[in-house]
Every structure is written in C-alpha cells, then in structure tokens.
Number of protein chains: 4
Amino acid sequence: MAKPRLRDLGIHMGVIPTGKYNAITDVPGVRVGHSTIIADEPRVARTGVTVIFPREEPIWDHHCFAGFHVLNGNGDFTGTHWIDESGLLTTPIAITNTHQVGIVRDTLVRYSTEQFGAHEWVMPMVAETYDGWLNDINAFHVQPEHVIEAIQNAHGGVVEEGCVGGGTGMICYDFKGGIGTASRLVDTPSGRYTVGALVQANHGDRTLFRVDGVPVGREIPTSLIPSAWDEPEQPGSIIVILATDAPLLPGQCRRLAQRVTIGLARTGCVGHNGSGDLFLAFSTGNNIPSEPTAPFSVNMMPYPHMNWLFDGVAEAVEEAVINSLVAATTTVGFKGRMAYALPHDLLQAAMRRYSPR
Amino acid sequence: MAKPRLRDLGIHMGVIPTGKYNAITDVPGVRVGHSTIIADEPRVARTGVTVIFPREEPIWDHHCFAGFHVLNGNGDFTGTHWIDESGLLTTPIAITNTHQVGIVRDTLVRYSTEQFGAHEWVMPMVAETYDGWLNDINAFHVQPEHVIEAIQNAHGGVVEEGCVGGGTGMICYDFKGGIGTASRLVDTPSGRYTVGALVQANHGDRTLFRVDGVPVGREIPTSLIPSAWDEPEQPGSIIVILATDAPLLPGQCRRLAQRVTIGLARTGCVGHNGSGDLFLAFSTGNNIPSEPTAPFSVNMMPYPHMNWLFDGVAEAVEEAVINSLVAATTTVGFKGRMAYALPHDLLQAAMRRYSPR
Amino acid sequence: MAKPRLRDLGIHMGVIPTGKYNAITDVPGVRVGHSTIIADEPRVARTGVTVIFPREEPIWDHHCFAGFHVLNGNGDFTGTHWIDESGLLTTPIAITNTHQVGIVRDTLVRYSTEQFGAHEWVMPMVAETYDGWLNDINAFHVQPEHVIEAIQNAHGGVVEEGCVGGGTGMICYDFKGGIGTASRLVDTPSGRYTVGALVQANHGDRTLFRVDGVPVGREIPTSLIPSAWDEPEQPGSIIVILATDAPLLPGQCRRLAQRVTIGLARTGCVGHNGSGDLFLAFSTGNNIPSEPTAPFSVNMMPYPHMNWLFDGVAEAVEEAVINSLVAATTTVGFKGRMAYALPHDLLQAAMRRYSPR
Amino acid sequence: MAKPRLRDLGIHMGVIPTGKYNAITDVPGVRVGHSTIIADEPRVARTGVTVIFPREEPIWDHHCFAGFHVLNGNGDFTGTHWIDESGLLTTPIAITNTHQVGIVRDTLVRYSTEQFGAHEWVMPMVAETYDGWLNDINAFHVQPEHVIEAIQNAHGGVVEEGCVGGGTGMICYDFKGGIGTASRLVDTPSGRYTVGALVQANHGDRTLFRVDGVPVGREIPTSLIPSAWDEPEQPGSIIVILATDAPLLPGQCRRLAQRVTIGLARTGCVGHNGSGDLFLAFSTGNNIPSEPTAPFSVNMMPYPHMNWLFDGVAEAVEEAVINSLVAATTTVGFKGRMAYALPHDLLQAAMRRYSPR
C-alpha cells in the first residue's frame, strides 16, 4: 500500500496546480531510482543511494543546462565546478551518505565509461547528507552494486518517498526525514511548464518547523513526541534537485536554484552552520549536443516570465520537504536510537488549530 | 506623536527578545539619518536619502568587517567590489532612489574628503530602490544638501520608519512601504550580542504577503484596499542593512547577509526578476585600523555559535519589513497615483482569524 | 599627426592577426568617445570621461549578453549586479575618475531617459580609476556636459589612445598611462570572429613590466627615467572592456572576462591590493530584445571553440596595455608632479637587447 | 641521484629568494607524500596519489584558514564548498587521476575516522587531473593501500618531483609533466614569511610555453621533439596548492589563490576550456581549534602587505610549473604512447638565445 502524502492528509499548500504525480518525474524524461540498505547485522545499516537521470536521452550525449546554488556550504557535491563554469550537466546525479560519496562517484564513472565508452572522462555529480546518527556510517555499507541497483531502479512516474535510497537514515526538523518530491504546473506568459523538486531532507530545528505558515513544530513538543537526539542536535543538511522543462540558460537555472532557499525558509529552514544546503537546478528545455561543431541555437525564456517559475519552485520545494516527513516512518537505528515519524494526526490537528475562523 | 509599530498593534513575532529600540541602532554606535523630500510643485517629489553610520568612531579610520549577498541582482549598490574583496566597510552607507545613486555617492565623497582630508580616495556605498511610481523620478529631486541633511540628522535611538528618507516613495506587497527596522538580543554560547536590520522595502506581491505565517495579503484583497498599481505591477526591490556587535570576520558577515533571504521569505518575498535584493551586513565587533603597520589580531565568533545570530537575523528582517508597512501612511504621488497604507485594523483582524483555537 | 602605436615602433606581439584598426571598434558597431579635461587654472585638471557604445543599435532596446570578472576589487563599477544576475548589458559603459563615478552615472541616466523615454529605469555602468596624483581630483572637474561630449564624440574606426578621456591622468607601470586598445581576428572552428579590448591603465610596478616577455621595466630604471612617484607608490587600477561579435551566452562572456587576467599578467600585472581590476566582456553576437514576449532563440559558440577566443583576448589585452603606454605623453600635473612617458627609443632598445640571437 | 631542478640547469627566475628546499615544505609543518603506480601488466598503469598534510599538528583538530579559486572549472576538487563557506581546511589534501577521486576520498574518510575517532564526519579534499592518455585510466589502478602509502610517505624537506604520485601520468605544454614545487621567502613590512606552491601540471599548449618570458615552446618545435599527442590535443588541467605561514584570514587566502593565475599566465597558461584549473591556498599562521567554545582571536596581515605575498606566489607558481617539467622523464604509456621530457639542453639553449646582449 502506498505511503500517504501531504495531500492525502487533506492538507494543501500553495496556489499553483501540481503535475500528475506531484513529483520531479512530472518533468518529462526525469527518472529516479533508489537503493535502500537496511540491516541490523553485522553492523547497523540505515543508508542508501538515490539516482536521478535528468532526461530521457542519454545525458552523456544530450546535456542539460544547469545551475548551482549554496545556502550553506557544510556539505559536499562533486562535479559542481563544471556546472559553475559551463552550466552543462553531463552525468546522472546521485545522493548518498557523507562518508561514501567516493564509491558512488567512482561507480558512476565506471558505469558511464562502460555504457558510453566513447566518452573518455566523466565527472559525476554526487551529493550527500549525514546519516551517522541512525546508520553505522563508518561501516561503509554502500557498495558498487547498490549504485547499479539504484540506476536500474530508475523510472518515471511515482517516486517512492521517505526512508528510501539516500534518504533512509535522515532526520528532518527532529522527525524522521528522507526523500520527498513535489511539482508544479506553471502557467507563464511563455506557456505552461513543469517544475519539480526532489529533496533529501536531513535538516532543521523542530521549534522552527512550519507547514503552510502554521508553527507545527511548536505544536508537537518533545513531551508529546520525543526528540530524535539524546545529545545536542547534530548538524543536518538538505540536498535539493530541481528539474524543469522550461527553456533556460545556465544562469537562469542558477537563479532557479537560488529560489530553493525561499521554499525551505517557508518550512523553517535557516541554513545553520553545520548544514550542507546545496541545490542543483537543471532544464530539459534545451538538448545540448556533447560535441557541437558550429554555433548552435538554444532557447531561453524571457527573464520576467521566470517569476512564475520562481513561485512554482518555492511551492514545490516547500511541499517536497513536507512530503519527505509525511512519508517517513519511525526508525530505530544505530545504537538503538529512535527517530519518530511526524505523526499525521498531530500534524492534522495543528493545521486545524490554526485554520482561519 | 510617534507612529505605531507592529508590536504596538499587539502583534508579536519570533521568540528572541528585541533590543531597547527594536532598531538597528540597538547595536551600539550605529546611527541613522533621513532626508525626506516631499513636494507637489513644480514637479512631484516623493523621495529622499537615508544614511547609516556603522559605528561611533569615524568609519574612515575605524573600519568594520562586512559582507554582501545578493538574492536578486536587479539593482545597484556601489562600493560592493571592495566588500567582496576585503570585507572592509570604510564609508557610511546611503540608500536613495534608482536614478540618483550618483549624486549621493559623489556628495559622500566630497563630504568624506572634506571631513577627513588625509584620505585620498573614497568609494562610498550607495544603494537604491525605484520610486518612479509615486515620485517624478526624472525630476532628479535629490541634491547634495539632502545628503548632508541626512548625515546631520543621523542619530542613535529611535529610528523613524515608513515614508521617510530613501523610503519615502516605496511600495511593498502592494501597500505603501518604506523604511523599517528591528533588532534582536541574541544569547549565544559566546555571550549576548545584538543584531539589527534596517530595510528600504519596495518589493513583493500582495497575494504572497504573510505576517508570522498568516496569509495577510490574501486576507486583504484589492476589493477591500485598492492596488497601488493601475497597470502591470512594476518591479520592486529591497535593500537590507544588517548590523551586529558580535565579533565576525568578513566571511561570517557575508553568511549573516545571506540569511536576510530567510527573513524576507517568511514575509512572502520570492526575489522576483525585476527586484534588486541586495544585502549588506557589518560587524562592529572588531575595529580595524585604516593603516595597520603590522599583523594584528581580530576576534571571531566560533562558527557553530553563529546559528543563534542566524535565527536573530531572520526574525529581525521579518519584523523590519512589517514595521516598514505598519509605519507607512497612504500616499498620493506622481500622476495622482495612490498607494494605500496597510490598514492596521485589517492586519489585526487577519492575525486574529488565524490565531490558534 | 596621429600618435604612434606599438606596431609603429616595429614591435609585434602575439601570433593572431589584428583587426583593421587594431581596436575595440573592429567589433562592428562598437563606438568610443572621449571627453578630455585639461586645465591648470583655477585648479589643475587632468581627467575626463570615456564612453563606449556596445552596438550599433540603441543598447537600451537591443541588449548584449555580457559577463563580469574581478581580479582585485579595490575599485568601483556600477551596474554589475545586474550583469552577474542576468548577463544583460542594457546601457552604454563609461569610465572616469574615482571620485566622479556618480555624476557620470546620473548623467547617463538623464541622457538615457531623455533619449529613450519609454524606459522607466536605467542603471548605467560606470567604472573608475584613480587620477588624484596628477589631477586635483577633489576639484570635481567632470560635469554633465563632459559626459554628453564623450557621448557625442563616440565613433567607430580609430580610437584615440593615451592621455585622453578617462585615461587623461593615469599612471601605468610608473610611466604615463591612459587609454589603450587592440583587437584580434580569431579563426575558430566556428568561423572568424573579432575580439577587441579597451583599457584604462593605471596599474603596475615598473620592475615587473614586460613587453612580449622582455623585462622592459627593469631595463629602464628610475636612474634613466625618474619615477612618477616621489612618495610610496599609490594604488593603481585597470579597467578593461572586452567586445566580441562571437555569439556567446552570458556565462561565456564571463569566461572571456576572466581571461583578461592572462593578458595583464603577461605585461607584469599581479593585481595588487590597492588596485581595482574590473573587467567587463560583452558580445554583439546576439541581439536581445528588451521586452521579449515569448521564449526566443539565441546562439552560442561551442565551448571548446572558445579556446581560440581566449587566446585572442590574452593577446589583445596585452597589446592594449602597451598601446596605452606608447600613446601616452609626459604629463605635468597637480602640484607639479610629472609622469614620464615610456620612452620609445628605450623600449625599442630593450626589445632589441632581448631579441633572439 | 636526485633529479635536477630548474636552478640546477643554471636558470633562475624571479627576484625573491627561495626557501631552503625551494618547496612547499619550506612552510614549517607542511608534508608531502606520494604513491606512484607504474605497471605494464595486466593493464598499463601510469598514475598515483599525492597527499599534502597542511601543518605539523593533526589537521582534524588544528584547522587552517584556506581559500579557493577557479581559473577554469573543468575539473573536480571535493570539499571546496566548506572552504568557500567557512574558510576552514579540516582534512589533508590529495591529488589523483580524474576517475578515482572517489576511492581516494573515501579512503581518507576511513583513515581520518580510524585515526581520530572522535570526529564523526569528514569531508576530505581531493583534486584530480586526467592521465588517460598515458594511463589505462579505466583500469582503476588506485586502491586504498596506495592512499595509505602516500600518507605514510609524507614528510617535510625535499619533495620528489616529476613523474611521481598523482603526477605520474601528466602531460604539460606537450612535454612530460607531473608534480613540481617551489617556494619564496618574502620580506614584507609585516616580517618575513614563506609561500610555497605545489602543482600537478597537466595543462598547456607547447607554442605558448614560456620560461621567464622566453618563448621556449616555440624554440622546441615538434620537428625536434615529437608531440605527446597523435590526435587533437586532449584537455589538460592544473591543480595548485599554496601554503604560507603568513597570518591570513580566509578571504586573504582566497586572494592568494587567485594570484596563482598570474604565475601560470607567465608560463603560457590561458585556462582553456577543457582544463580544470583549481587552486587552494592555506595559511598555517593561525591555528584554529576544531571546537572553540568562545570568541577567540586570530591574526591577520594588513591588506597592503599582501602585495609582497602576491609577488611571491606568482614567482613560486611559475617556477613550480617549470620544475615539474624539468624533473619529469620521457614516459611510454598506454597504447605505446610516448610523452617526451622537456630536453634540458634545448631549454638551456633557448634561454641563452634570448638572454640579453
């Protein structure tokens, strides 16, 4: 049975309609795959890998324009220097735990060169958040086969959320976090486009947590639902991937990525010091050949029309974070630590308490 | 009689205590002065200049560390290249209208060299937002004497808000905007520090406007209070100046400036394409000599302790924007255009309607 | 009689052919105008304004893509925040002295709105270098009529170099500096394009000065030609404007601008602390409408083909700096200070001394 | 017998004295270790790993301030987001080949957590350049034991140069490249400090190659020494690590890193499109505790005094590149390809031919 999502709880946020799946996969061609690693023996595993293919065509030969933004840089995301320089996304994107970015990266190199031998070098994009509270991170559970599994699992349509893939061991706003996604169908003067967000959410203070403006975190104190932490809260992070089919230049993608902060701020994110808040936005609206031989044309949306996309990004990111919390389930992990799911009934009660009279 | 402020309306936001004046001037040494230019003849003037002195000592000889951040770059702010390079704030800061940045800048040069002749060159920091809807901007009303007046008016303590100084002709969330300020006394593991924000608020869509999470903008439709615009909304902007007495390095100031976005997002700001959303943060916690002759020591706050400052910045910025709206008064300007003040009673009613049961 | 240029002295550098005028104006449509202000009474003036029109069509309605790079940020250049955000160049560019950026900026606002009234706001791009050693800078000599004069003087073809316009009071590598220009016709796999550079050169240590690798500065010690300084050298700066007709996106323009450093380094520039080394590159290869109503196509050069442009930029910048020195003439200025021209015969002798056997 | 270095050939460049070893290790505490992987069976290996320890004390507990700069971003360097955010260098630095950044990173994670268990997360800094022309890169030769070997080999004093460690398979200016190093003892008004550079040099066009201004590359055409390439030249890259004991803040380190471009430009580098030109500068002049509990003081050099450091960086980087070429030896690699060493006699002859009369 499918996990519920925010809207299944009767809670709606924003004014822009969602795509069919309310997921990053509403952008045609985008595919997401997870490999979830859960084990109690010999060492506790609550981790995994999530892979995103940005377009239907092989990304190695059909590049996307992309842009990158950092809210707070206490995190890693390989491959971003070439995004900053050229705005070319040339590989799949993966998200995993902090200590195993390397094996995921090198496995993507190997996979890419084996699949597409003509390409002599590859610099994959791999991001991370830290799951060492629930996962015995220094057991280094992620192996090459997990990366391949995530690749093979990649598909369009419904995206599994919560404690899956790279999101398996996440904690967000002091509740169990993980993978979340959402999308918006944006009617702009340039036509209708889709923007989709996927988050690996591992950040935030409970007392700041809000849903559509309602201070839900304050409404669910630790006296009701215990904290995930039994010592000073550890730094968290959030990785956000944005996709759109709007025709954008690299700089326009970067501007989209910067608006992730707006959506996160609505949920209570401040971008704390220990957080790696790293955002990548890509557009499938242009299909950039890997080896062009002459000047070629690309399409761009008029700058003023981007306002509608900006609004859509803010809404999609806000809802994706909440979706990650709604889908996640209470998890016992490393050293018996327990991270409680955001209780759906208390969420609904809080929303009702603050609903307009 | 003093204008009311948000808290005078019984509306409180945030959990961190304010400074004595709930103003940027709560940071010891910071002074603010306005020159307000209002005239109907021969051409309509609704404009002005606001000047901020960053510390008690002459800033030309006692530099502050500072950092700069851009949410959306459709605006101008002179002198930022040296901030980005060195993190040294070496001049007062001024804010005015878009078309007269130059005269304010050059007047500050003249003033600086006359007052402090030993300094052979000066690169003042002057920011702007556009007031051409209410102000006949191409009449170029601002003259050197206005800049001098703002300088001479500068004082600590209470800061006049609303339709004053550079904020005279502003429109914010489709209501009359202007200058606003707020502060927070932040208890960190490193001790208690003050953060203060001053905004010249000229941005935003009414439908997105929120106060402490409540969708106030949607609660006050244009059927109740007419729009300030009788044609497609013009781009706005917001300039934010942050001050703190916490001992910060330049990079730490930059991080503070980036958190302005968090506070703005809480009020409904998305950073639209036509907006110049430019933020400067400075620290008085170090007093940098203008001509050091040997290595010297400066103090820095531990990075993790900045989280408390970040939270304080978000709150202060959020409240400063609302304060600008609460203080502003309905204004008729250029071509008879009218920008209505945010009605206090409707604001209060909206807050009540969404208060918890 | 025209001033000689480097090549007139029999000195050639680089391997790429020049354009017809070996000037930024070799990029079709680019026009340059100077207003030179020289007076001894009542106060010494050695200053001026240089204006560059980026394309034949009115720039206000036919934007160029552009990019900005800073080697060292001790200088000012208004209007760059919008370049960084959007890559749109929407106004003429002006260069003047440090203390009068403002009057030049506001005059360009006035001129723009008067000429093109439909445009309601303008944020002109004005850069500066410091001429206070030879010019009584606090006499504020530049007046609006000088800006208008520079505008009206703007033309294609030969660009006057040396002690003209904004370059009137410059000192470069301890010799008399000023305005210089050069260009390259670059044969790339994408076709032939022109890159042109214009510099206002006011930077550098004589001992580091090189011409085509030859340490000319060391060959012309102050025992032969006295220093321009009778006290510790003051900070200098260099502003560089690059133009090309190659079809480039904003990010590609930024990359071009970054290569200015390469050309400068060849002449001995290190980017010292007191220097404002600010570079703007624009492309006329796309004509961006000011008010597009739907997505539109723009052309871009394949990234690998940019290598040829990069090489051309390095050569053009290198030669433009030397041209500024060759054209400048010995100048007596403020307080009787004297900056000697780079002596052509000693330059030639140095080049001969280091020529291959 | 030690390999010769540039100065052993009687060629001296620059005017600033070198440190004792003319190496990055002249900065007290800096240690460098290599693991060189050379094999012909079963698959051709010409690769390796180089590790740099930034200070004597464990870097995990005694952080350095650091700064990062990109000339051209077609390369990868993990861990830089935290440098950009905080300026804190918290791990050793490693350099390897493009396709194995991951295994080196994860091995450093494992080593760090095993050695320093109290640290719960680690984000190592690993850079790369591409050696797939001489090395069968998709054989993935680098294994964890190589990383450990490089760590264990790390020492102060003489640094082995040329075809060692990460530099084993490099090609630079179309000659055999590799690891190079150099240093300068800089007398500043703030006192004497050391700056040291280490490069993994894999970049550049032969025709642009210069030594102390002399066009050595043009003097050694492919008719004399065949090209390393039998097809269109592949993109190269250069990684540069700068160390200094001058007391610098993070932003000052970033400025130092930016001056790497100056030194590279002197050797003929333009920063071509396919190049990953990534530079990290760190200072041992402050010892930043990993867990400070209160504000603390750090030392900074006056900004104007950095000019001397800038000059030293330019010289050290220039000489380090040439040292990498002088030490490298002719190498036959993957598919029988051959990269010739820069012939010492032809280098000397070129220098003589251009020496002053």
Side-chain angles (χ1 to χ4, degrees), chain C residues 14-15 69-74 189 205 207-208 210-216 218-219 232-233 235 251-252 255 258-275 277 301-315 318 349-350 352-357, chain D residues 14-15 69-74 189 205 207-208 210-216 218-219 232-233 235 251-252 255 258-275 277 301-315 318 349-350 352-357:
Chain C
V15 298
H69 181 73
V70 176
L71 166 57
N72 194 66
N74 204 331
D205 290 352
T207 59
L208 294 173
R210 291 188 179 237
V211 175
D212 197 22
V214 173
V216 170
R218 297 203 309 253
E219 294 288 310
E233 184 173 337
Q252 293 179 303
R255 297 178 78 189
Q258 187 162 0
R259 270 63 190 182
V260 168
T261 300
I262 304 294
L264 293 183
R266 292 180 182 175
T267 69
C269 175
V270 176
H272 276 173
N273 178 68
S275 200
D277 306 325
M301 207 172 173
Y303 284 117
H305 298 182
M306 294 186 70
N307 287 344
W308 285 261
L309 293 187
F310 290 168
D311 291 350
V313 166
E315 287 197 5
E318 184 183 7
R352 274 195 306 270
R353 202 161 105 79
Y354 280 80
S355 62
R357 286 177 168 82
Chain D
V15 298
H69 181 73
V70 176
L71 166 57
N72 194 64
N74 203 332
D205 291 352
T207 58
L208 295 173
R210 289 188 181 237
V211 176
D212 197 22
V214 173
V216 170
R218 297 204 309 254
E219 293 289 308
E233 184 173 336
Q252 293 179 304
R255 299 177 78 191
Q258 188 161 359
R259 270 62 190 182
V260 168
T261 300
I262 304 295
L264 293 182
R266 292 180 182 175
T267 70
C269 175
V270 177
H272 276 171
N273 178 68
S275 201
D277 306 325
M301 206 172 171
Y303 284 117
H305 298 182
M306 294 186 69
N307 288 344
W308 285 262
L309 292 187
F310 290 168
D311 291 350
V313 165
E315 286 197 7
E318 183 183 9
R352 275 195 306 271
R353 203 162 105 80
Y354 280 81
S355 62
R357 287 177 169 76

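Bear in mind the structure is a predicted one, so any value in this text is a computation, not a measurement. Values below: all heavy atoms of this structure, side chains included; hydrogens, waters and symmetry mates excluded.
Proximity to chain C is limited to the side chain of D/H69, based on heavy atoms less than 4.5 angstrom apart. Both the backbone and the side chain of C/R353 come within less than 4.5 Å of a heavy atom in chain D.
Atom CD of residue D/E315 and atom CG of residue C/L208 lie 8.0 Å apart, to the nearest 0.5 angstrom.
With sequence neighbours excluded, the residues that form a side-chain hydrogen bond (donor to acceptor under 3.5 Å, both in side chains) with D/Y354 are D/E219.
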With side chain to side chain contact (heavy atoms under 4.5 Å, CB included) as the test, would you mind laying out the steps for D/V15 and C/T207 before giving the verdict? CA-CA 10 Å; D/V15 298; C/T207 59; over 6 Å; no
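Judged by distance alone, with hydrogens and angles left aside, the side-chain atoms of D/R357 form a donor-acceptor pair with the main-chain N or O of C/R352 at under 3.5 Å. Between the D/N273 side chain and the C/N307 main chain, no donor and acceptor come within less than 3.5 Å of each other.
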All N/O donor-acceptor pairs, side-chain side in residues 258-267 of chain D, below 3.5 Å, sequence neighbours left out:
| from | atom 1 | to | atom 2 | distance (Å) |
| --- | --- | --- | --- | --- |
| D/Q258 | OE1 | D/R254 | NH1 | 3.1 |
| D/Q258 | NE2 | C/V70 | O | 2.9 |
| D/Q258 | NE2 | C/L71 | O | 3.3 |
| D/R259 | NE | C/V270 | O | 3.3 |
| D/R259 | NE | C/G271 | O | 3.2 |
| D/R259 | NH1 | D/R255 | O | 3.1 |
| D/R259 | NH2 | C/N72 | OD1 | 2.9 |
| D/R259 | NH2 | C/G271 | O | 2.3 |
| D/T267 | OG1 | D/Y173 | OH | 2.7 |
| D/T267 | OG1 | D/L264 | O | 2.7 |

